[in-house]
Number of protein chains: 2
Amino acid sequence: MSKKKRIRIKDIAADAQVSRGTVDRVLHNRGRVAPDVKAKIDKTIEKLGYSPNIIASTLAKNKEYHIATLLPSPDMDNYWALPQIGIERALKASKDFGIHVDQFFYIMENVNSFKEQADLLIQSNPDAILLSAEFYRESLSFYKKVANLNIPLLSINTHIPTLEKVSYIGQHSYQSGKLAGRIFDIALRNKGDILMLHLGSSVDNAPHIMDKERGLSDYFQTKTNPYNILKEEFEDYANIDRLTTFLYNIFESTKNIAGIFVTNSRSYYLVQALELLGYHDLCIVGFDLLEENCQLLKNGKIDFLINQDPIKQGNLGILNLVDSLLYQRSNLKTLYLPLDIVVAENVDLYMQNEIETFVTL
Amino acid sequence: MSKKKRIRIKDIAADAQVSRGTVDRVLHNRGRVAPDVKAKIDKTIEKLGYSPNIIASTLAKNKEYHIATLLPSPDMDNYWALPQIGIERALKASKDFGIHVDQFFYIMENVNSFKEQADLLIQSNPDAILLSAEFYRESLSFYKKVANLNIPLLSINTHIPTLEKVSYIGQHSYQSGKLAGRIFDIALRNKGDILMLHLGSSVDNAPHIMDKERGLSDYFQTKTNPYNILKEEFEDYANIDRLTTFLYNIFESTKNIAGIFVTNSRSYYLVQALELLGYHDLCIVGFDLLEENCQLLKNGKIDFLINQDPIKQGNLGILNLVDSLLYQRSNLKTLYLPLDIVVAENVDLYMQNEIETFVTL
DNA sequence: TTTTTTTTTGTGCACGAGCACATAAAAAAG
DNA sequence: CTTTTTTATGTGCTCGTGCACAAAAAAAAA
């Protein structure tokens, strides 16, 4: 509760008996300061403990920053509406700092639209980039182009570990597979087989999906495994009839399935098909708190959802970029967000939080 | 991607052909403006869409705010070190806005120190208050004193619903009891009894603990309950020998206990005692990600921890008060944070997030 | 009408930092 | 020992808003 006032440049100048301008040059390493004077000022700064007033600095700089995002369009995939909420919230908090967000959307599962939007993004000449690269190969060439620009780059949702220098905020996909394993282990009690279901296309070009697969397998590798694990992929998931037929065939050949792991946010499609088939006692583990999924969770049709917090991904993604722009420190690093186990009893609390406007500072 | 510039007071003044000062008076309802002029300016504001630049406003106001906190001392109870992390983080983000945090700590389970610190707090004449009132009766009288001050007041961790006007950020205790019920239901599979254990004193003066109790009971009320639920309270929990004896007696009289629900963050004491007694196969559900608890979770000695996110409670608590001070809007409301189910497979992700410095905007 | 009072409107400085430019001091060239 | 060049240091304006005070206009009193 000491009553010390915040130290300003002016205070340092007075203490070191120089002008504000000289202190300013020392602080920003602009040179043009006599060595002995610089030493003296450095000492004073150390002594008084200066930290810049970001408020005043922002106002004085009067600079505008443009953050460009490159994400899948929410129109095609409900999941991608969630990061938007976080981005919006971050923008609200930082628009007074001169931050603008220019959004570029590509069509999920359409490589060309990715390339196209990527080029448009680069043409827009942004000060920082937030992206989720859903295509492994194409994203590599994008990274290469961006590398020369020397601007902060951060990826969410899809971690490409090949490029360590690119920082990432999002789920630890491998670990989420392991977590799913644990959940099945608790819920199934050594009875029945587990079906791992990829509802979507070109899994081989999406490393994060394969990581989940490995995670689940590895979980059971460490113990004497009482479960068989089946892997299936189905592209035309939105066609419920075809999905139903597809599942029917699986159940015909494998009678013992007790749990199904849907490796993305589309478990609500699966449930529709299972309803048609009349399967009610399966343990379903899926991802993400889409409205549809949550409803089924409450009805007991889905047992567990693993939340990868896409809202927070968007929110922290932008805020981190803002931070690195304003403070021009490259603090960007990789951050794995928590994986929340969501059941009927706590889903509302997660949902409320997602709707609730957070503090807009 | 429209290129519209941010509207300033100056722009409104120009458009309405008045001076900045007049616009300022309209914006702040300071009066002293001719009615027709005010109407004109209001229309222009509407037309151009002004929103104040909080950066410039903060700088110009040059005002210092003092937020006082009244929380249990972390020295007595590790749990209370966690909100501190969140408070520290919030302070870092908002100190440039002239925010100061003055902390008052009371000794847990010592009513007098609460009253004493509460008085000191009021004497310090704060601009806003963050508190956790662990004593039901005493907190009521504190609320009464504070009500006259007419300053923002927000409570965390302990919700006193009797006073609806006091906003709250924290766990939904009742729901956390229900969640524990569900967890036992999944893990125990209709076998054995559940011991609900309060490690601490004067539960009758701590409504949030009683809410957890009700939640657990109610969960099983809705279904044909295969479990017996025992309730026990033990005050001298830090004395492992005595705790061990206490538990020994319980197990002697009740042979069928399969799960233990520790209603606060002190499950690591329980595990110490259970080790001495040689019980290894019980399903333990506790609260909060204390270092000690997390270690036991990874070792498999604790099965589940429910995270009430005390860090976020402290963080959002302060940030909300900051928000209401800076924007002088009373946006304070009650927010129930998510209840995270934490197991060995996701605990590290929660811990990493707690250590990791978040964006300091 | 003139003077006084009241109401309305305009202006200038401050907040703290950034940056351009002016001035002063020291070093190099004449 | 000047003059020129280089280096070092100081000053003044800017950002957008808030607020005190000055100035002007209108209304009331003389």
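In the text below, chain A, chain B and the rest are named by the order of the sequence lines, each starting its count at 1.
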Gap between atoms [atom1] and [atom2], on [X] and [N] respectively (whole Å):
X: B/Gln17; N: C/dT8; atom1: CD; atom2: C1'; answer: 17 Å
X: A/Arg32; N: C/dC21; atom1: CZ; atom2: P; answer: 15 Å
X: B/Asp96; N: C/dC15; atom1: CG; atom2: P; answer: 17 Å
X: B/Asp36; N: C/dT7; atom1: CG; atom2: P; answer: 16 Å
X: A/Leu59; N: D/dC15; atom1: CG; atom2: P; answer: 9 Å
X: B/Phe97; N: C/dC15; atom1: CZ; atom2: C1'; answer: 14 Å
X: A/Lys38; N: D/dA8; atom1: NZ; atom2: P; answer: 13 Å
X: B/Leu326; N: D/dG16; atom1: CG; atom2: P; answer: 20 Å

A/Ser94 side chain to A/Ala90 backbone, donor-acceptor under 3.5 Å: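 Checking the backbone N and O of A/Ala90 against the side chain of A/Ser94, a donor-acceptor pair under 3.5 Å is found.
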
Main-chain N/O of A/Ala68 paired to A/Asp102 side chain as donor or acceptor, under 3.5 Å: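 No; zero donor-acceptor contacts below 3.5 Å.
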
Carboxylate-amine/guanidinium proximity below 4.0 Å for B/Asp42 and B/Lys38: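 Salt bridge flag = yes for B/Lys38 with B/Asp42.
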
Presence of B/Thr22 side-chain N/O under 4.0 Å of C/dG10 phosphate oxygens OP1/OP2: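 Yes, within the criterion.
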
Cut-off 3.5 Å, side chains only: do [X] and [Y] have a donor facing an acceptor?
X: B/Asn157; Y: B/Tyr79; answer: yes
X: B/Thr22; Y: B/Arg32; answer: no
X: B/Thr334; Y: B/Ser167; answer: no
X: B/Tyr50; Y: B/Asp11; answer: no

Residue of the set B/Ile151, B/Ile129, B/Ile99 for which side chain to side chain contact (heavy atoms under 4.5 Å, CB included) holds with B/Ile67: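 Output: one option passes, namely B/Ile99.
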
Parallel, tilted or perpendicular: ring planes of B/His66 versus B/His100, cut at 30 and 60 degrees: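 Taking B/His100 first and then B/His66, their aromatic rings lie parallel (interplane angle under 30°).
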
Protein-to-nucleotide contact annotation, 5' to 3' order, nucleotides 17-28 of chain D [B base; S sugar-phosphate only; - none; under 4.0 Å, heavy atom]: BBB---------

Structure string for DNA chain D in dot-bracket form, Watson-Crick and G-U at under 3.5 Å, | interchain: ||||||||||||||||||||||||||||||

